[in-house]
Amino acid sequence: MATSDAVLQVLSGAGPRSFSSDLCFNNLDLAFRSKHINYVKKRASRHMKMFKCSSVQQNCIGKHWFKRSGDGDLSVNATIKRLQLLRCKCQKAERVSGVTAEGGNGTWFVDSAKTLNLNGAVNTPGVLELGDTQQLMREKEVLTSNGSANKEEESLATNGAAGTGRDASRKVSVDPTEEEAWELLRDSVVHYCGSPIGTIAANDPTSSSVLNYDQVFIRDFIPSGIAFLLKGEYDIVRNFLLHTLQLQSWEKTMDCHSPGPGLMPASFKVRTFPLDGDDSATEEVLDPDFGEAAIGRVAPVDSGLWWIILLRAYGKCSGDLSVQERIDVQTGIKMILRLCLADGFDMFPTLLVTDGSCMIDRRMGIHGHPLEIQALFYSALLCAKEMLAPEDGSADLLRALNNRLVALSFHIREYYWIDLRKLNEIYRYKTEEYSYDAVNKFNIYPDQVSPWLVEWMPNQGGYLIGNLQPAHMDFRFFSLGNIWSVVSGLATRDQSNAILDLIEAKWSDLVADMPLKICYPALEGQEWQIITGSDPKNTPWSYHNAGSWPTLLWQVSDGGILC
């Protein structure tokens, strides 16, 4: 319960108001360089835009020298062509100007970032510049599982010496399961230029099929990021936010077509290459995937929404609002919003997306207006509204944002809600109504109500359906969409209570022995063959097809506290 309270504080803004500095933050020389990297075996003739950080390993432990290029380009090997790259120079500092070791937490000294236009065009060579930022290097390793316990023991010893009456030798008990979980989480941390930048999607040494599970996924890092925020380890979250932001502006192309500016990558990987002519020197490169290499080639709609939500959580928990106030961060928020709020052919305020564009990233029949995307969209709009700087250039965007919030909340609460009362209304629907005041606005045929729903719906409780389109209602219960609707306030208080009542009433179906089902029920038989294309990974009651996802539990606990 204490952990759930803390998570709720992060999301609602009642978290601790201090932030720490861990190791050194990358001193980025943000000049775009021109290179092409040709992956002969894996990605032949594919042009990528990536960050790189060159390092020369010295005999001195823990010390890195990073080679800066002049006006010319660096040559990696004979097969590496020219491509635009972002170089970063990292340096550890014993002391920063204005910061001493006695100060405890380091202070950010960040130069003003150069402005860029919303189409991603660079106006100056120093675009997205982080400035000459250096941080205090801690003498102790902060990424060890015993770090927090040691500090608490020292605090207890100090209190005892001060006459508090406590036993100075008292040990702070740590739950073995929690300690093991933290060890596993820290084992999955990815470093870039010597600083933590995220966690890989999966770390299973027994698995021979890696695919892209060794990459840092935007959506997968969210629960890890929340955990680090609760632990007071803010650096990894800040690094993640800033580096993924820089990836946003890079060109994304598939078959000569590029999506709109503002798209965030689904994932990225830190790759290391040797520098030509120096065996002891290497360069680290951030290689993003915007969907052009993903299975199914689907762009991640939820990445930008999750990024905005985590940015708000970071500011509220750490108290460091300077990150969200940066010019490049403000520009990144606006680019995501303009992409989501762009006018189109759709008559609905909900976002229209393809199948597989969110957490369920394989074909599962969620194309259209899936609830998960709408709940994240609503939450991201609320967060962006709080973070956007009041200026003349933001007036139109804020007006469009506020209008969409009102329309979106009404649409979801009114048309996505299902309970016994609404179910009885659907059975009495008239069809083929042509009028402005039609009751059956989406021309839903009563015969499409699934037989399982009538038997499954409890007397007390209800939920938001998974999708709504003309003549189609997806009656499956999707856990993330419903739970996040409760957490974000998209559902009304009565609806939120009803959703939790339904989860409690159907505990054996949704939670059972291995929590939590991502959706219910599973697609089976011919329905599974048609909708998933006979996907062997999404067989009934596995993976995205009603499989168990324990990572959803922290959101369930938050929803329970809110209600």
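Numbers here simply count residues along the sequence, with the first being 1.
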[X] versus [Y], closest heavy-atom pair with distance:
X    : Y    : result
S542 : K537 : OG-O, 3.7 Å
F290 : L263 : CE2-O, 3.5 Å
S303 : P265 : OG-O, 3.1 Å
I444 : Y429 : O-CD1, 4.0 Å
G225 : V237 : O-CG2, 3.6 Å
Q448 : F475 : O-CE1, 4.0 Å

Could you tell me whether [X] and [Y] make a salt bridge, using a distance below 4.0 angstrom between a side-chain N and a carboxylate O?
X    : Y    : answer
R476 : D474 : yes
E386 : R312 : yes
R219 : D302 : yes
D509 : K517 : no

Inset, instruction - Applying ring-ring contact (aromatic ring centres under 6.0 Å, His included), name anything that partners F217, two or more places apart in sequence or on another chain. - result: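 Partners of F217 under the ring-ring contact (aromatic ring centres under 6.0 Å, His included) test: none.
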As an exercise, state the distance from [atom1] of [X] to [atom2] of [Y], rounded to the nearest 0.5 Å.
X    : Y    : atom1 : atom2 : answer
Y378 : S488 : OH    : OG    : 6.5 Å
L382 : F377 : CG    : CZ    : 10.5 Å
Q469 : H367 : CD    : NE2   : 5.5 Å
I236 : R238 : CD1   : CZ    : 11.0 Å
H472 : I465 : NE2   : CD1   : 8.0 Å
W554 : I222 : CH2   : CD1   : 8.0 Å

Got a donor-acceptor contact below 3.5 angstrom from the [X] side chain to the [Y] backbone?
X    : Y    : result
N212 : Q215 : no
N497 : R493 : yes
N467 : I366 : yes
T532 : D535 : yes
Q555 : V486 : no
S379 : A375 : no
Q324 : Q330 : no
W306 : I218 : no
Q248 : M264 : no
Q495 : T492 : yes

Legend entry - Over-ring placement of K231 relative to W182, 6.0 Å and 45° cut-offs: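 Output yes; distance and angle both within limits.
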Inset, instruction - I would like to know whether V556 and L516 meet side-chain contact (heavy atoms from CB on, under 4.5 Å); could you show each step before the answer? - result: CA-CA 9 Å; V556 173; L516 174 71; 3.6 Å; yes
Inset, instruction - Report the residue from T539, I531, N538 that forms a side chain to side chain contact (heavy atoms under 4.5 Å, CB included) with N545. - result: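 Looking at T539, I531, N538, the match for N545 under the side chain to side chain contact (heavy atoms under 4.5 Å, CB included) is N538.
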Inset, instruction - Show your reasoning for whether ring pair (Phe, Tyr, Trp, His ring centres under 6.0 Å) applies to F221 and F240. - result: CA-CA 9 Å; F221 180 73; F240 172 86; 4.3 Å; yes
For the residue pair [X] and [Y], establish whether any side-chain heavy-atom pair is separated by less than 4.5 Å.
X    : Y    : result
N239 : Y192 : no
Y314 : V323 : yes
H411 : Y416 : yes
N203 : D187 : yes
V449 : Y427 : yes
H243 : L247 : no
L185 : S224 : yes
Q374 : L464 : no

Does [atom1] in [X] sit with more than 12 non-hydrogen atoms of other residues, nucleotides or ligands closer than 6.0 Å?
X    : atom1 : result
K385 : NZ    : no
E504 : CD    : no
E455 : CD    : no
Q529 : CD    : yes
W452 : CH2   : yes

Inset, instruction - Could you tell me if the ring centre of W456 sits under 6.0 Å from that of Y520? - result: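 So the answer is yes for these two rings.
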Table please: side-chain donor-acceptor pairs of residues 340-353 below 3.5 Å, with sequence neighbours left out.
| residue | atom | partner | partner atom | Å |
| --- | --- | --- | --- | --- |
| D346 | OD1 | F348 | N | 3.3 |
| D346 | OD2 | H369 | NE2 | 2.7 |

Inset, instruction - Assess whether ring pair (Phe, Tyr, Trp, His ring centres under 6.0 Å) is satisfied between W528 and W541, documenting all intermediate values. - result: CA-CA 11 Å; W528 165 76; W541 308 106; over 10 Å; no
Inset, instruction - Check the pair E233 / R186 against salt bridge (Lys or Arg N to Asp or Glu O under 4.0 Å), numbers first and verdict last. - result: CA-CA 12 Å; E233 299 178 13; R186 289 192 169 104; 2.4 Å; yes
Legend entry - Intermediate values then yes/no, side-chain contact (heavy atoms from CB on, under 4.5 Å), V270 and H191: CA-CA 8 Å; V270 179; H191 289 79; over 6 Å; no
Inset, instruction - Tell me, please, which residues at least two apart from D214 pass salt bridge (charged side-chain N to carboxylate O under 4.0 Å, His left out). - result: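 For D214 the salt bridge (charged side-chain N to carboxylate O under 4.0 Å, His left out) partners, ignoring immediate neighbours, are K269.
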Inset, instruction - Go through Y543 and W549 one step at a time and tell me if the ring pair (Phe, Tyr, Trp, His ring centres under 6.0 Å) criterion holds. - result: CA-CA 8 Å; Y543 205 36; W549 294 71; 5.7 Å; yes
Inset, instruction - Report the C-alpha distance between R363 and D355 in whole Å, list the side-chain angles of each, state the deciding distance to 0.1 Å, and finish with yes or no for salt bridge (Lys or Arg N to Asp or Glu O under 4.0 Å). - result: CA-CA 6 Å; R363 181 177 165 189; D355 215 340; 5.3 Å; no
Inset, instruction - Decide side-chain contact (heavy atoms from CB on, under 4.5 Å) for D289 and F268; before the verdict, give the C-alpha distance in whole Å, the side-chain angles of both, and the deciding distance to 0.1 Å. - result: CA-CA 6 Å; D289 176 21; F268 63 86; over 6 Å; no
Legend entry - Derivation of the side-chain contact (heavy atoms from CB on, under 4.5 Å) call for T244 and V216: CA-CA 10 Å; T244 49; V216 180; over 6 Å; no
